[in-house]
Amino acid sequence: MTEKLFGQIDINTSDKRILECFNSCLYEIPVYQRPYAWEKDQLEDFWNDVALNQQDYFLGATVTYISERRDLFRHTFMIIDGQQRLTTATIALAAIRDTFQMCMKDDDTTEEMRRKYELGLNKTQQYLVPEDDLGNKHPIIKRPEDSYSKKILHLSEIDGLRFDKTSTNRIDFAHAHFLSEINKQLAELADPQERLAQLINLRDNILRARVIQIELMSEEDGFMVFETLNARGLDLELPDLIKNLIIKNGASNDEDRKNIADRWRQLRDKIDISTPSDSNPASNNPGSLFSRFIWQSWNSRRKETKEAKLFKALKDELLRQEHNPEEIKAQCIQYLEDLEVDAEIYTHLDTLEITTKRNSGSKKSFLKLAAVVDSVRALKIFNVSVANSALLAAIRSYHNGKLKRADLIRLTEALENYHFHYNALGAVGSNGGMRSRYNRLALDIHRASTQTEAEQLVSDLITALQTSALNGRLAERSRIQFLHLFYTGGSLTSQDRQMGRASLIQYILLKMAQELHHLQKGSPFNTDQLSIEHIRPKKKAGEELNKTHPESHIGNLTILDKETNNKIKDWDFDRKRPFLKKSILIDDSLGEWLSDDEKHEITHEDILARGERLRDIALEEVWKI
């Protein structure tokens, strides 16, 4: 059926079974489309809804356009949307084909059943790799991953270059997942004829599923429909929309589209390999991590925009009416370059693994500043990302020579100290007002033309944080909350993680050691090499340690290297005294205990008193706002 879509685009829509799609069409995935992305949840839904469904299941719509016409064979349709569903159908069919083959090789299979399994194998393979009248083989879906061509289509035998590690791994996982599901279906069927019938049934159920194939006239129409369908409810991620916009308006030929797509893929991979916090819900969804980066990058350069409205704001900026096509193209490429610059910084804001680089060469890098590295890592430990826009702008300005080294250090240390009180000890999340404050600072720093102007902006923020802390009685709350810090060494409930996480407790003890003993800043933060030590042994609690026991209190904790910690295990204080003298943190209280040869045991009163002394040092010297 041919009609006008949204009053302006000629389209042809047809209701097709997967069987008809794979018997009458060939498909290709454009290089700029996102890689294969389905994971276990989507695969399980597909298997239950499609493979185990005896009725016609509607998979949704596919948006395509004809990219290659053939007189005596099928046309090739480029898939603008719907590639995940069609690709998954081929992976499931490949798993069924491979099971036919495994059944053929079974020692108990008779010659007659072997022929029937072989017929099933060949018939299934024909859906995946049809042949034309000249015997030329064509992939039902042309994808860039060599694993897809080799494992799913059986079109190649030799591994090629790995196109995309994540995409390849997901295709391999999907194939293995479907093989496992098929084996479950066959496990209780001893009769070979029943096993054959079940394989054919599973294959038929997949081929019976339906899609609405939307066929457009051109690639340009495809870009337009891609955006329009999203505005009307299609579930597309922000990065997909932006990539589509940049490729559509930033490139005018296939080679340039491919180059932009490759750079976008590299950009996304760079963000996805950063290490999100376990307590951050976005950590389970790489797409949301990438969206968050794009949003924070935007707010570090432009007026604050809510994430839900970012695509419209970006589109309005890049496609301004007063710009000619060449200016629009340049704007799109410049935006991509801005993201690439910010990604080089951002990956270090989103991981505990940030470390100081050697101060070699003349090129400025914030990674050469040990104090900045420590503060950035601290914000990650506090699960604070609200200041990322300001950090991006400030670090860029430092790299560009518009922000002095001392001012970057002042800014990051002020953020660390404030959020130690507000988030780490306060056990609360940041709010919208705070985000707006940092986004305004980011924009001002980005626009600052002189070091003097940037220096004043940093000073103004520090004053604002001090005023906020005073008005909110932050110090008073911190005096109470500091004494709630604890460490058990065991598993924690989600409620207890805020005040008892190993990373937070280790950070606090190491930070205090830096201030008291002038330890080097910027050292790697590696919990595999260091251990939190309970000075009064945990066994004194008489039961499994929890946050209510004095033994878990901050006043009973110090830091040892892991080797020493493993050696002394749960010894009494008197026995492990010589080893405790190697502690990385030895404050006055612990020093007095260790030097007093008459002191053979640490009491609960000792622990509470030391905790209060540590609190005074922490709030009056180390994290002074």
Side-chain angles (χ1 to χ4, degrees), residues 5-11 29-34 63-65 67 78-81 216-232 234 236-268 270-271 290-344 346 389 392-393 396 400 439 442-443 446-447:
L5 181 64
F6 314 127
Q8 55 185 329
I9 301 175
D10 289 325
I11 67 166
I29 311 300
V31 293
Y32 50 80
Q33 281 283 357
R34 61 174 170 164
V63 181
T64 67
Y65 69 90
S67 59
M78 199 71 76
I79 304 178
I80 297 298
D81 185 59
L216 308 172
M217 300 300 293
S218 67
E219 182 177 26
E220 183 67 23
D221 289 346
F223 282 117
M224 188 177 299
V225 171
F226 188 84
E227 293 179 16
T228 308
L229 286 178
N230 179 71
R232 300 195 176 195
L234 188 65
L236 296 173
E237 292 180 348
L238 174 67
D240 294 325
L241 291 166
I242 294 176
K243 180 178 68 171
N244 178 72
L245 183 72
I246 295 175
I247 291 175
K248 173 187 174 183
N249 297 283
S252 54
N253 58 66
D254 288 342
E255 190 61 29
D256 285 344
R257 291 189 189 100
K258 179 181 181 302
N259 290 340
I260 293 175
D262 288 344
R263 288 170 64 178
W264 188 267
R265 187 178 302 114
Q266 185 178 59
L267 177 67
R268 184 163 193 154
K270 183 179 288 293
I271 299 302
F290 194 37
S291 294
R292 187 181 63 181
F293 157 68
I294 292 172
W295 177 45
Q296 291 175 341
S297 169
W298 174 274
N299 287 337
S300 76
R301 296 172 180 270
R302 299 165 181 84
K303 185 178 179 181
E304 179 185 9
T305 301
K306 292 183 178 179
E307 187 172 358
K309 297 182 178 180
L310 176 56
F311 180 67
K312 183 180 185 304
L314 174 63
K315 189 175 180 181
D316 290 345
E317 176 172 312
L318 296 183
L319 308 184
R320 291 177 183 171
Q321 290 184 349
E322 64 266 27
H323 289 162
N324 62 41
E326 288 304 313
E327 289 175 322
I328 290 175
K329 185 184 295 185
Q331 287 277 342
C332 289
I333 300 306
Q334 182 60 57
Y335 176 66
L336 177 60
E337 291 174 357
D338 290 345
L339 286 175
E340 290 169 335
V341 168
D342 288 349
E344 292 296 331
Y346 189 87
S389 58
L392 281 171
R396 277 199 317 266
N400 296 334
N439 288 344
L443 183 58
H446 179 67
R447 291 175 173 174

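Remark: L339 CG to Q334 CD distance equals 10.5 Å, nearest 0.5 Å. The distance from atom CG of D342 to atom CD1 of I294, rounded to the nearest 0.5 Å, is 11.0 Å. One distance of note links NZ of K243 with CG of L245; it measures 12.5 Å at 0.5 Å rounding. Considering CG of L238 and CZ of F290, their distance stands at 9.0 Å, rounded to 0.5 Å. Rounding to the nearest 0.5 Å gives a distance of 4.0 Å between CG of N253 and CG of D256. With values rounded to the nearest 0.5 angstrom, M78 atom CE is found 9.0 Å from I29 atom CD1.
Taking both residues in full, the closest heavy atoms of A442 and A393 are given as O-CB, 3.4 Å, listed atom of the first, atom of the second, then distance. Nearest heavy atoms, W295 versus E307: NE1-N, 3.3 Å. Considering every non-hydrogen atom in both S389 and N439, the closest pair reads OG-OD1, 2.5 Å. Of all the heavy atoms in I328 and R320, the pair that sits closest is CD1-O, 4.4 Å. Shown here for P239 and R268, the closest heavy-atom pair between the two residues is CB-NH1, 3.8 Å.
Q331 pairs in a side chain to side chain contact (heavy atoms under 4.5 Å, CB included) with only one of the listed residues (L318, N249, I246), which is L318.
Residues I247 and W264 fail the side-chain proximity criterion, which asks for heavy atoms closer than 4.5 Å. Residues I80 and N244 fail the side-chain proximity criterion, which asks for heavy atoms closer than 4.5 Å. Within the 4.5 Å cutoff, the side chain of L314 has no heavy atoms near those of the T305 side chain. Side-chain contact between S297 and D338: absent, with no pair of heavy atoms (C-beta onward) separated by less than 4.5 Å. Side-chain contact between E344 and K270: present, with at least one pair of heavy atoms (C-beta onward) separated by less than 4.5 Å. With contacts defined as side-chain heavy-atom distances shorter than 4.5 Å, the pair L310/K306 does not qualify.
Here K258 does not pair with E255 in a salt bridge; the nearest charged N to carboxylate O distance is not below 4.0 Å.
Checked by atom type, the side-chain pair S300/R396 shows a donor-acceptor distance below 3.5 Å. The closest side-chain donor-acceptor pair between Y346 and R292 falls under 3.5 angstrom.
Remark: E317 pairs with R302 by the salt bridge (charged side-chain N to carboxylate O under 4.0 Å, His left out) rule, at least two apart or across chains. In this view, D316 and K312 satisfy the side chain to side chain donor-acceptor pair (under 3.5 Å) rule, not counting sequence neighbours. S67 meets the side chain to side chain donor-acceptor pair (under 3.5 Å) test with no other residue; sequence neighbours excluded.
Judged by distance alone, the side chain of Q296 and the main-chain N or O of F293 form no donor-acceptor pair under 3.5 Å.
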Subject >> I260 vs I333, side-chain contact (heavy atoms from CB on, under 4.5 Å): CA-CA, chis, key distance, verdict >> reply: CA-CA 8 Å; I260 293 175; I333 300 306; 3.8 Å; yes
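Around CD of Q266, the count of heavy atoms belonging to other residues, nucleotides or ligands within 6.0 Å does not exceed 12.
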